Amino acid sequence: MSPSSFGTVATRDEDGWRLTGHKRFIINAPIADFACVLCTMDGALTMVVVDMKQEGVLTPAPDRKMGMHGCLTGDILFEGARVPAGNVVWQPGKGLRIALGALTRGRIAVGGSGVGMAQAALDESVSHMKNRKMFGKTLAEMQYWQFRIAERATEISMARDLCYKAALRHDAGEEFPEPETAMAKYYGTQVAGDMARDAVQIFGGYGFMSRLGADDTTYRVEQIYREAKGPEIYEGTNEIQKWMIARQIFGR
Ligand SMILES: Cc1cc2nc3c(=O)[nH]c(=O)nc-3n(C[C@H](O)[C@H](O)[C@H](O)COP(=O)(O)OP(=O)(O)OC[C@H]3O[C@@H](n4cnc5c(N)ncnc54)[C@H](O)[C@@H]3O)c2cc1C
């Protein structure tokens, strides 16, 4: 069992349920008042609402991460936490459906965040390329980088369109608009990572800096480079997105 999928089980108690298990990398875990928790209840995957400020719920210190420093993540340990019978969401056995619904909206949004990061890295790069001169000409005049920027601009445009397509289908009432949701998530976040890596390279030594000691000048591409990695992993890794696309092509 992977470290982020320890089993979480609800067992019957006189007026509800008791929860035992372990969740990892949970956003806002250290500060949450309530959590929606997917667990096994009488053998069926079920979503329950858990009061996080009770005995039997433990939240260790927050994780230290490569990026996303404005957002806390951490483990949750359930050691007999109480779940009143009324805290079952929808009905027992509907947990996976609820989780997949949230993941669908989440994946479109994460794809969109990738497009935003990629566009920001491209804008920073274009501005730098127009101003940075070496060997008598600007970086913007060098065909190698012109072509690279043309490729990335095309990819960002395609990723943006995929996000809009998935979102429009979802808004029109489709519960699971596939394969576009998986495509939007995987491609939107991949282009963010690719563009961020190019942006750091285009900035040269400055790309590796967040702030210059000499005059306090700040640079953004270092941060975008770090922030672009997480979205390739969370909300379902990009390999899992490709597996979902392949299932649409080859069948289950
Ligand atoms: C910043 C952050 C925030 C998070 N927030 C939350 C949260 O709020 N709630 C929550 O529930 N989870 C959260 N997660 C967990 C996240 O969803 C998982 O980390 C992610 O799904 C990957 O699972 P894993 O870490 O166990 O990696 P693993 O499942 O161990 O995967 C390791 C590698 O193996 C690859 N792999 C796995 N299966 C296959 C396959 N069949 N074919 C090819 N490659 C494969 C994966 O793609 C990955 O590259 C968060 C993670 C991070 C980093």
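Atom set for the values below is all heavy atoms of this structure, side chains included, hydrogens, waters and symmetry mates excluded. Start at 1 and go down the list; that is how both ligands and their atoms are numbered. Since we're looking at a predicted model, the values are computed, not measured.
- The side chain to side chain donor-acceptor pair (under 3.5 Å) with Q119 is formed by just one residue from the set R152, E124, R160; it is R160.
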Show me the side-chain donor-acceptor pairs of residues 47-58 shorter than 3.5 Å, one per line, residues at least two apart or across chains.
| unit_1 | atom_1 | unit_2 | atom_2 | d |
| --- | --- | --- | --- | --- |
| D51 | OD1 | K53 | N | 2.9 |
| K53 | NZ | A32 | O | 3.4 |
| Q54 | OE1 | R82 | N | 2.9 |
| Q54 | NE2 | D51 | O | 3.0 |
| Q54 | NE2 | R82 | O | 3.0 |

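- At least one N or O atom of F25 sits closer than 3.5 Å to an N or O atom of ligand 1.
- Ion pairing of E175 with R97 is present here, as a side-chain N (NZ or NE/NH1/NH2) and a carboxylate O approach within less than 4.0 Å.
- Between Y219 and Y206, the angle of the ring planes lies from 30° to 60°, which puts this pair in the tilted group.
- For ligand 1, the atoms sitting less than 4.0 Å from at least one non-hydrogen atom of I26 are 7 (C), 8 (O), 9 (N), 10 (C), 11 (O), numbered in the order shown with element in parentheses.
- Shown in contact with Y234 at under 4.0 Å from a heavy atom are these atoms of ligand 1, numbered in order with element: 1 (C), 2 (C), 50 (C), 51 (C), 52 (C).
- Geometrically, ligand 1 and G236 share no nitrogen or oxygen pair separated by less than 3.5 Å.
- In this structure, a donor-acceptor pair under 3.5 Å is present between the side chains of T189 and N238.
- The ligand atoms of ligand 1 that sit less than 4.0 angstrom from a heavy atom of I233 are 20 (C).
- Between D216 and R211 the shortest side-chain heavy-atom distance falls below 4.5 Å.
- Set against the non-hydrogen atoms of M68, the atoms of ligand 1 under 4.0 Å away are 1 (C).
- For ligand 1, the polar-atom distance check finds no N/O of T73 at less than 3.5 Å from any of the ligand's N/O atoms.
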